[in-house]
Protein chains: 2
Amino acid sequence: MQLPPLKSLLYFKHAAELGSFKLAAEQLYVTQAAISQQIRSLETHLGCVLFERHTRKICLTAKGKLLLPHIRKAFEHLNHGVQVIEEDPQPSVLNLSVLPSFATCWLLPRISSFQRQHPHIRVRIDPSDSLVDFDAGEADLGIRFGKGHYPGLHSEVLASDDMLLAYKPGLIDPLKPLNEQIKSNHLIMDICPDAERAWRILFDKLALTDVLQPHFLEIDNAALVMQATLAGQGIGMLRRQLIQPQLDLAQLEIHPEFEVACDYQYYLAGPVGHFNWHKVKLFRTWLLGQFNSL
Amino acid sequence: MQLPPLKSLLYFKHAAELGSFKLAAEQLYVTQAAISQQIRSLETHLGCVLFERHTRKICLTAKGKLLLPHIRKAFEHLNHGVQVIEEDPQPSVLNLSVLPSFATCWLLPRISSFQRQHPHIRVRIDPSDSLVDFDAGEADLGIRFGKGHYPGLHSEVLASDDMLLAYKPGLIDPLKPLNEQIKSNHLIMDICPDAERAWRILFDKLALTDVLQPHFLEIDNAALVMQATLAGQGIGMLRRQLIQPQLDLAQLEIHPEFEVACDYQYYLAGPVGHFNWHKVKLFRTWLLGQFNSL
DNA sequence: TCTATGCTTAAGTTTTTCTAATGTAAAAAC
DNA sequence: GTTTTTACATTAGAAAAACTTAAGCATAGA
């Protein structure tokens, strides 16, 4: 016994319960045409008409009325099953998977505010370069710097960022041409696409093509780049979000003539179900608040 | 509460019940890779592992065991609902939608054999050029001559066919060149892609480009083309399946030098559910038997 | 140790589903 | 009795999901 396309059954349920394709479309975040097509496909598959179409409303036919309760029951079971699975196994522990540099420069300096607000939640931060295995329960949520394409996971943008030229106050004189400053200082480079791109853009802008390789200090971690910059070892190409605390404290300065928007953005990502967990909702709210207060 | 992709739940059910992705794949007529991918997508979506993978078998994890009974129940309801809808409303009446020419030349001469075999089934034949509206219950099954693409419907090939040059015995002398015969007789043409194509192939083969238009008698129905041919009004381009009875009775002859396979084939088509109906199963068996006995 | 089995992964293709634009018919408003 | 509005239908083309093929990998069993 061949089942019809399952999605068409879901659409049927919504349309039947709301008595309207239009409302079902809104509820399901698709266009009305999508509903219309799925219902038609279901009807073709079953070989019978399920709705009487009137101009301003639809009614279930006899066959439709026969079908609805079964479909409804079926989806109740599916929902319940998924709900059982998706229950939070440890409501009082929040496991975050975060990029090492973001953890060091952004999250750690701010997390105490979250802990003060929600003292009953224990926060664990797992710094890792790649997304962890959510399936294995290794983390509840991830914060990533990327393009937002995390197949199978729910994700939302947190913020954009810019690459800035940063240095220890006094290291260079912002009134002298940038050109000169670049040539006469060490350049501290993070090995990451956005930083490399920003350097390239800067060089193009200054028409510098002959910068020597040894001029660069390459470090594979933005937090260490910042540390080196803080120590006055040269000029760093750093993300604004990561150095904001240092800028506020005037431990770093940025050159006023340079700024490049990053290709990547910060994303919050994780399995859809996790976003219903209480601890996750609290953290998400706090996180968005932190980004928006800047 | 966001449901996972519904198809992945179906695959999960099969895999869990069979304890094997491979067997599930066979049961669902897909490759084992498809199962593996769907299960992974489900796991990613739920954020937990559902199967322990061992080398030669898989086992449900605790979460998987929790999920299975709900999913199973859900699909039982879906199946039952669809079954209720798909019950045959008139088990003793078989409504066939058939092309007019096929009805006249093929089905009607043979249908009495089916009626003798199954006297309790009343057969109704609805000759129509286009597929009827199965949704409205206008027909149980359709027999079409086409490419087998009937979206939303189940279809299966019944037979292929060839276009032949047919004429009343004695009208032409098969030993004289075909070339001459074509020029000196009326040509009776059906307005249908396969017939037109066959005439074109014939003309190309005979290097005839100067055949005059009035030479042709155009008739928009293969049954009438046959009738005109039977009456000796000219040479017809006809499908073997349609003229077999006349060939057997020597009421028509075919030219031995010409035969072109049709692009189209005969298909049996209808909503999937109809193929479970008793009367449909009987008719299908009979129909296949008729085609195979040729 | 070697082989065979069954799951995984990756790339590319096919199929399905969706959107956007437009059409249509009837109810509601004027 | 028109005109407008509303909700569903239809279409073509774009986007997303699912599938297949082919290769890889780990391990149970010979």
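Quantities reported herein were computed from a predicted structural model and do not represent experimental measurements. FYI, side chains are in, hydrogens and waters are out, and symmetry mates aren't considered; it's all heavy atoms of this structure.
- The base of C:dA27 is paired with the side chain of A:Arg56 by a donor and an acceptor separated by under 3.5 Å.
- Note on B:Arg40: a side-chain N or O is less than 4.0 Å away from OP1 or OP2 of C:dT9.
- The interatomic distance linking B:His54 (NE2) with D:dA28 (P) rounds to 9 Å, in whole Å.
- Residue B:Thr31 places at least one side-chain N or O under 4.0 Å from the OP1 or OP2 atom of D:dT20.
- The phosphate of D:dA9 (OP1 or OP2) has a side-chain N or O of A:Ser36 nearer than 4.0 angstrom.
- In this structure, the CD1 atom of B:Ile39 is 13 Å from the C1' atom of C:dT8, given to the nearest Å.
- Within the nucleic acid shown, B:Phe51 has no heavy atom closer than 4.0 Å to any nucleic acid atom.
- Between B:Glu76 and B:Arg72 there is no salt bridge, since none of the side-chain N atoms of the basic residue sits less than 4.0 Å from a carboxylate O of the acidic one.
- Atom-to-atom, CZ of A:Phe12 to C1' of C:dT17 comes out at 20 Å; the value is rounded to the nearest Å.
- Checking C:dT17, D:dT10, D:dC8 against every side-chain atom of A:Ala33, the shortest atom distance belongs to D:dT10.
- One atom, NE2 of B:His45, and another, P of D:dA18, lie 12 Å apart when rounded to the nearest Å.
- At C:dG6, none of the side-chain N or O atoms of B:Arg53 fall inside 4.0 Å of OP1 or OP2 (strictly under the cut-off).
- Residue contacts shown for B:Ile35 are absent, as no nucleic acid heavy atom lies under 4.0 Å away.
- Listed pair B:Gln38 / D:dA18 meets the phosphate criterion, a side-chain N or O lying under 4.0 Å from OP1 or OP2.
- Nucleic acid contact for A:Ser41: none, since no nucleic acid atom lies under 4.0 Å from a heavy atom of the residue.
- For B:Lys22, whose side chain is taken as the heavy atoms from C-beta onward, the closest listed nucleotide among C:dG6, C:dA26, D:dC8 is C:dG6.
- Note on A:Lys13 versus A:Glu17: salt bridge recorded, some NZ/NE/NH1/NH2 to OD/OE distance being below 4.0 Å.
- A:Cys48 approaches B:Ile85 most closely through the heavy-atom pair SG-CG2, 3.7 Å.
- Distance B:Leu6 CG to C:dT16 P: 16 Å, rounded to the nearest Å.
- For A:Gln37, counting side-chain heavy atoms from C-beta on, the closest listed nucleotide (D:dC19, D:dA12, C:dC7) is D:dA12.
- Between A:Leu42 atom CG and D:dC8 atom P the separation is 16 Å, expressed in whole Å.
- Under the 4.0 Å criterion applied to side-chain N and carboxylate O atoms, A:Arg239 and A:Asp162 are not assigned as salt-bridge partners.
- In this model, the phosphate group of D:dT20 is not approached by any side-chain N or O of B:Tyr29 to a distance below 4.0 Å at OP1 or OP2.
- A:Ser97 and A:Arg144 are linked by a side-chain donor-acceptor pair at a separation below 3.5 angstrom, with hydrogens and angles left out of the test.
- Put simply, NZ on B:Lys7 is 18 Å from P on D:dA16, counting in whole angstrom units.
- OP1 and OP2 of D:dC8 both lie 4.0 Å or more from every side-chain N or O belonging to A:Lys57.
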Candidate pair A:Arg53 and A:Phe21, rule side-chain contact (heavy atoms from CB on, under 4.5 Å), full reasoning:
CA-CA 10 Å; A:Arg53 276 82 162 173; A:Phe21 289 5; 4.2 Å; yes
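- Residue B:Glu43 is the one, among A:Val30 and B:Glu43, whose nearest nucleotide of DNA chain C lies closer to the 5' end (criterion: closest heavy atom).
- Following rounding to the nearest Å, A:Glu52 (CD) and D:dA9 (C1') show an atom-to-atom distance of 17 Å.
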